[in-house]
There are 2 protein chains.
Amino acid sequence: MEGTPTSRAERRRRSEERILSAARAIFAERGFQRTTIRAVAAAAEVDPALVMQYFGSKQELFEQAVRIPSIPPLDGELEPVEELLGRIGMKMGPLPQATVAMMRSMLTHPDAAEEVRGRLDAQVAQLAGALDAGDAELRAALMVSTMLGVTIAHQLLGLTALRDASPERIAETLRPALRALADG
Amino acid sequence: MEGTPTSRAERRRRSEERILSAARAIFAERGFQRTTIRAVAAAAEVDPALVMQYFGSKQELFEQAVRIPSIPPLDGELEPVEELLGRIGMKMGPLPQATVAMMRSMLTHPDAAEEVRGRLDAQVAQLAGALDAGDAELRAALMVSTMLGVTIAHQLLGLTALRDASPERIAETLRPALRALADG
DNA sequence: TCGTTGAGTCAACAACTGTTGAGCGAAGCC
DNA sequence: GGCTTCGCTCAACAGTTGTTGACTCAACGA
C-alpha cells in the first residue's frame, strides 16, 4: 500500500499541504472574511482544531496560504512593456490561487491591502527605473494600475466583454495603450 | 428651539438619514462583511433594532445605502475619451461614499459584484457604441478596465505614486493611453 | 515490549452576529 | 383629556465564528 503513507512525518506533511491547498482555494473564492476555518478543514477532510494546531490562527493560515514568490526582476532583454504584457499573457490563463486570494481580499482585509500595495509599489519603482522621462514614476504607476484593472475586470469580476476574449487578443489590444504610457 | 424637531415625521426622516449616512461611511471603509449593524447604529446614535425596523435586513440597508444614480448617457458633444477623463477628473477628488462602498465590497460580496459588473458592462456597451472599428467592444472594455484599475489603485489602495499626484496630472498622463485604445 | 511522542479528534467556550418581540413614552387625533 | 399611533429601546435568541484543552491512538525509539 503505497497510496496511504503511515509514516508520521509524511502524514503530517500531506495534511499540512491539503490544508494549505484547501485554504488557497477557499480564500481565492470567498476572500478572507467569508472564509471560515471550518470550511477549510472540511475541504481538507480534517478537524478544524488541526488547522489551528498547525497554523495558530486564521491570519497565520492566510499568510502562509498566499505566500507567493516575489516579483522577478525585470528581464533586461525585453522591453518593459513586453515584459508586462508577457506577464499578463501568462496570467490571462488562470492566475495562481494564492494571487487570486490576495487580490480578492485586498479591498476588505487591511493586511492584504498593505501587502498588495507594497508589491505594486515595488513593481512601480522597478518599472519606473526602466523608463526615461521625468514623470516616469507616475507613468509606471498608471501602467501597473492598468494591468491591475484589466486583471480584476477579467479574472475577478468577469466583465462580459473580456470573458470570451483570448489572452493574446487582450494583450495585443492593450499594447498600444501601455506603450503610450511608457513613451510619455 | 428649531434645532431639535419634535415632529414625528421629521424625527423619522432624520433618523433614517443619519442611519443611511453612517451606513455609507462604514460600508465604504470596511466593506459589506466587516460592517456590523451595531456599528452603523452606534455611529448613527440609534438602537440596532431600529436599523432593522427601518430597513428589514443588513442586505437591504446596504442596497439602499449604495443606491447611486445610474451612469448618465454619453454626452454627444464631447469625445468619449474626454468624457471618461472628465469623470475621472471629478472622481479624482473624493468619490461619493456610496461608490466607494460598492467598489470596496465588489470582490467579496456576490451581490455587489453582480451590480458592479452590470454597471461596467453597461458602460462598456455605451462606450463601444461611440467607437468605430471592429473590436470596439473589447477596446471599450479595456478602457473601462483601465479606469477601474486607476481608481482602485488611487482611491482604495493608495498606491504611493498616485497618492500625491493631482487629478489633472493623472488625467493628462492617462489621456494618450485611452486615446490609443479608442483609436485602435 | 513498553513508555514516549505527536498526529488527529471531540466537545466545548466565549465572543460576536443578524434578527426578533415585547414594551415604553411621547406625538397625533378625536 | 383620553385613546391611538408609532418612533424607539431593551433584552434576548439562535446561529456562527475563532479558538482551546482534554483526550485517543498509532508510530516511534530504546
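Throughout, protein chains are lettered first and strands after them, A, B, ... in sequence-line order, and every chain is numbered starting at 1.
For A:R13 and C:dG8, the CZ to C1' distance is 18 Å, given to the nearest whole Å. To the nearest angstrom, P of D:dG18 lies 12 Å from CD of B:Q33. In this structure, A:E10 atom CD and C:dA7 atom C1' are separated by 14 Å, rounded to whole Å. Spacing between atom CZ of B:F62 and atom C1' of C:dG18 amounts to 16 Å, rounded to whole angstrom units. Here the P atom of nucleotide C:dT9 and the CZ atom of A:R12 are 13 Å apart, to the nearest Å. When rounded to the nearest whole Å, the span between CZ of B:R38 and P of C:dC16 equals 10 Å. Rounded to an integer number of Å, the gap from CZ of B:F55 to P of C:dG18 is 15 Å. Here D:dT16 presents its C1' atom at 11 Å from NZ of A:K58, a figure rounded to the nearest Å.
The phosphate of C:dG8 (OP1 or OP2) has a side-chain N or O of A:R11 nearer than 4.0 angstrom. In this model, the phosphate group of C:dG8 is approached by a side-chain N or O of A:S15 to a distance below 4.0 Å at OP1 or OP2.
By the 4.0 Å N-to-carboxylate-O rule, B:E17 lies too far from B:R14 to be salt-bridged with it. Using a cut-off of 4.0 Å between Lys/Arg side-chain N and Asp/Glu carboxylate O, A:R24 and A:E29 are scored as not salt-bridged.
Of the candidate nucleotides D:dC8, C:dG28, C:dG8, C:dG28 has the atom nearest to the side chain of B:R8. In the set D:dC28, C:dT19, C:dG8, C:dT19 carries the atom at the smallest distance from any side-chain atom of B:S57. Among the nucleotides D:dT17, C:dT19, D:dG7, the one closest to any side-chain atom of B:I37 is C:dT19.
Ring geometry, A:F62 versus A:F32: the interplanar angle exceeds 60°, so the pair is classed perpendicular (tilted spans 30 to 60°).
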Exercise for the section: Show your working on side chain to side chain contact (heavy atoms under 4.5 Å, CB included) between A:D183 and A:D132 and close with a plain yes or no. Expected result: CA-CA 8 Å; A:D183 296 346; A:D132 12 62; over 6 Å; no

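Residues A:Y54 and B:R34 both approach DNA chain C. Their nearest nucleotides, taken by heavy-atom distance, put A:Y54 toward the 5′ side. Of the two residues near DNA chain D, A:T36 and A:G56, the one whose nearest nucleotide lies more 5' is A:T36.
In summary, the side chains of A:Q59 and A:H109 do present a donor paired with an acceptor at a separation below 3.5 Å, with no hydrogens or angles considered.
Among residues at least two apart or in separate chains, salt bridge (Lys or Arg N to Asp or Glu O under 4.0 Å) pairs with a member in residues 99-127 of chain A are A:E115-A:R119.
When the ring pair (Phe, Tyr, Trp, His ring centres under 6.0 Å) test is applied to B:H154, no partner is found at least two apart in sequence or on another chain.
Scanning residues 39-52 of chain B for heavy-atom distances under 4.0 Å to DNA chain D yields B:V46, B:D47, B:A49, B:L50.
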